[in-house]
2 protein chains.
Amino acid sequence: MASHGARSRSGGRPTLEEVAARAGVGRGTVSRVINGSPRVSDATRAAVEAAVAELGYVPNTAARALAANRTNAIALVVPEPETRFFAEPYFSDMLKGVGAEISETEMQLLLIFAGSDRERRRLAQYLAAHRVDGVLLVSVHADDPLPDLLSQLEIPAVISGPRSAGETLPSVDSDNYGGGRSAVEHLLAGGRRTIAHITGRLDVYGAQRRVDGYRDALRDAGHEVDERLIEPGDFTEEGGRRAMTNLLARRPDLDAVFAGSDVMAAGARQVLREEGRGIPSDVALIGYDDSAIARHMDPPLTSVRQPIEEMGRHMIDLLLSEIADRRPAVSRELERRQVVLATELVARASS
Amino acid sequence: MASHGARSRSGGRPTLEEVAARAGVGRGTVSRVINGSPRVSDATRAAVEAAVAELGYVPNTAARALAANRTNAIALVVPEPETRFFAEPYFSDMLKGVGAEISETEMQLLLIFAGSDRERRRLAQYLAAHRVDGVLLVSVHADDPLPDLLSQLEIPAVISGPRSAGETLPSVDSDNYGGGRSAVEHLLAGGRRTIAHITGRLDVYGAQRRVDGYRDALRDAGHEVDERLIEPGDFTEEGGRRAMTNLLARRPDLDAVFAGSDVMAAGARQVLREEGRGIPSDVALIGYDDSAIARHMDPPLTSVRQPIEEMGRHMIDLLLSEIADRRPAVSRELERRQVVLATELVARASS
DNA sequence: AGGTACCGTGGGAGCGCTCCCACAAGTGAT
DNA sequence: ATCACTTGTGGGAGCGCTCCCACGGTACCT
């Protein structure tokens, strides 16, 4: 009676204390059972579990987070203006993988958009407040300050697509090099000889790797690499058009084009059509991503598929283990954790 | 010295108490400033704000949630197996709108997948624990138990796409009726007379409304509605193929098709091609959603665009106001809060 | 002058947990 | 029988806030 009375603000939900009373044990014991500690006798554990079931007890996350100084939440940070990430199927597929994997755990997934400067500042505050146990970073640019901020704050993070060959953060990526190779090898196998490449934005490491794959595949097949056959694009349809136009001007004799994305392939296709080149009769065309566009293009577009959903799963796995065995930053920098998943060439009528 | 010593588990971040000490005021006063209470003198407020800035103070969310019994979080619940929602551009666009709007606030966005039974049970627990202040429900089926669970738990919720004309939950929708009408009116204006309709899944209210719009547009133009021109689809490409085949068998004289989705239109297009019907020379084709498929189809597909991003924004707005002015459920059932946004017909070469 | 009304402010109590110390009881070696 | 562990358990203290009561100070009435 000394206090202002039970505020009972929790909407009548049972607390640890009540479960303890019901089970005839102490608070600590219930906590131990809830958290799966082995230091509890079987009989006691059973009694507590019964009480939990009878009362329909659900732990209060906020109290837990406050007392234990962890949040049980991880953030997926989306650099929104990067439309590439929002492009189908990348975004939804990755989310599917992430969602599936995380729902196996007690963790909750926070979605944070870091597009505008305002949002970036908010995110920085957010991270400074340690409101998440870990961060999933997707499609980060080479010069993005976010990764550094994260390691400075010592927040575990996993990146999709390393920023460079020397990436220090754990990362999950698809085999862009192999994907590029397989596209070229497929075209060579189809008898093509003059194969052009429309690259993605070259400040994206994955796009560089695709170019590397393109080059090596040609070399390994005994072809010389003509730099005039490589034209930079920017992942957009318009960029694809422009690149295709330039390529045709420089090497009108080309008989195949490997585009660094389906969207750019769509742009290239338009130009080829306008120029009266048949696909695949005159020019074979290959895209990258295996998006809806590829399936519905006319002719249907051969494309390199990335296991994006699986990448999402791996990212969560990596991040969780990163959170679990946090050890001194020193030893962690030594063991690089990089996962690379294989791509798959989906052959269709365009090649 | 009586205690186990300062645990200092918060990673050295400043607390309210420290800010108070620095500013030379009490804890309560700092709290008032942080929460924008008007009951603080200007001088005090300035002092506190200075201290906050100097110390780089960021409030601890968990402590706040625990003390105030609210979470400052809202959940976006995604019924994952509903591939329709995951279809481009629906998902990413809505997320863009939701993300943009929520980043204007202090709220955080949780993404929860409720596909499998396991996930559903987890969600129920989650909600029972009142771990979010409100819920955004997308693409809910007429028989989904979730909405009832939410109102039972008295958790504010907003639904995208009402389940029926008598929807009791606040909802945001696009004008499916008007969209259906505009498609048909466009075809009529183009001189088409025998207009077929491939519907979406009719257990989706929006799909029904599109049919209603189709019917009324024909009637209002003085045409009779031939039920043989209406064929149920299921939003899939294969469903579109099947429906188109049936329609051609029944009414080989049709000169236009309004498909309830772009994907179904893509299926219909294949069949029309196979049957040697020219698009739009013999048969005009219209889709719905204005997805990437529509833009890249050959010929480019006329389609009805929904302002999905805007819908996302409105959903957040509705939900926040719902959370803000929580009042007795009785009075809230009376005032239905339903927002309907206009669609836009995007004319392309297929019609 | 005394009363009444409000400010603005300080700080106690408590939110529901986890952490950890203390302690009883049991086990085995000496 | 004594000592040293180990195992299971209870409960105090504290996490960093919000809520709300209490209280001194003004301002305005009668």
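Every chain is numbered from 1 and lettered A, B, ... according to where its sequence line falls, protein lines coming before strand lines.
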Just the rounded figure in Å: distance from [atom2] of [N] to [atom1] of [X].
| X | N | atom1 | atom2 | answer |
| --- | --- | --- | --- | --- |
| Arg70(A) | dG16(D) | CZ | P | 15 Å |
| Glu17(B) | dC17(D) | CD | C1' | 10 Å |
| Asn72(B) | dC17(D) | CG | P | 14 Å |
| Arg39(A) | dA25(C) | CZ | C1' | 15 Å |
| Asn60(A) | dC17(D) | CG | P | 17 Å |
| Tyr57(A) | dG16(C) | OH | P | 10 Å |
| Arg32(A) | dG8(D) | CZ | P | 10 Å |
| His130(A) | dC15(D) | NE2 | C1' | 16 Å |

* Asked: Between atom CE of Met311(B) and atom CG of Leu318(B), what is the distance when rounded to the nearest 0.5 Å?
  -> 11.5 Å
Does [X] place a side-chain N or O at less than 4.0 Å from the phosphate oxygens OP1/OP2 of [N]?
| X | N | result |
| --- | --- | --- |
| Ser41(A) | dT9(D) | yes |
| Thr29(B) | dG10(C) | yes |
| Asn35(A) | dT18(C) | yes |
| Arg27(A) | dG10(D) | no |
| Ser31(A) | dT18(C) | yes |

* Between dG8(D), dG16(D), dC19(D), which one does the side chain of Ala68(B) approach most closely? -> dC19(D)
* What nucleotide among dG16(C), dG10(D), dG16(D) has an atom nearest to a side-chain atom of Ala63(B)? -> dG16(D)
* Could you go through the side-chain contact (heavy atoms from CB on, under 4.5 Å) check for Leu109(A) and Ile74(A) one step at a time? => CA-CA 5 Å; Leu109(A) 180 67; Ile74(A) 70 175; 4.1 Å; yes
* More 5' along DNA chain C: Ala62(A) or Gly26(B), using each one's nearest nucleotide? -> Gly26(B)
* CD (Glu104(B)) with more than 12 external heavy atoms under 6.0 Å -> yes
* Is atom CD of Glu106(B) surrounded by more than 12 heavy atoms (other residues, nucleotides or ligands) closer than 6.0 Å? -> no
* Report yes or no: does Asp93(B) contribute a side-chain atom to a donor-acceptor pair with the main-chain N or O of Glu309(B) at less than 3.5 Å? => no
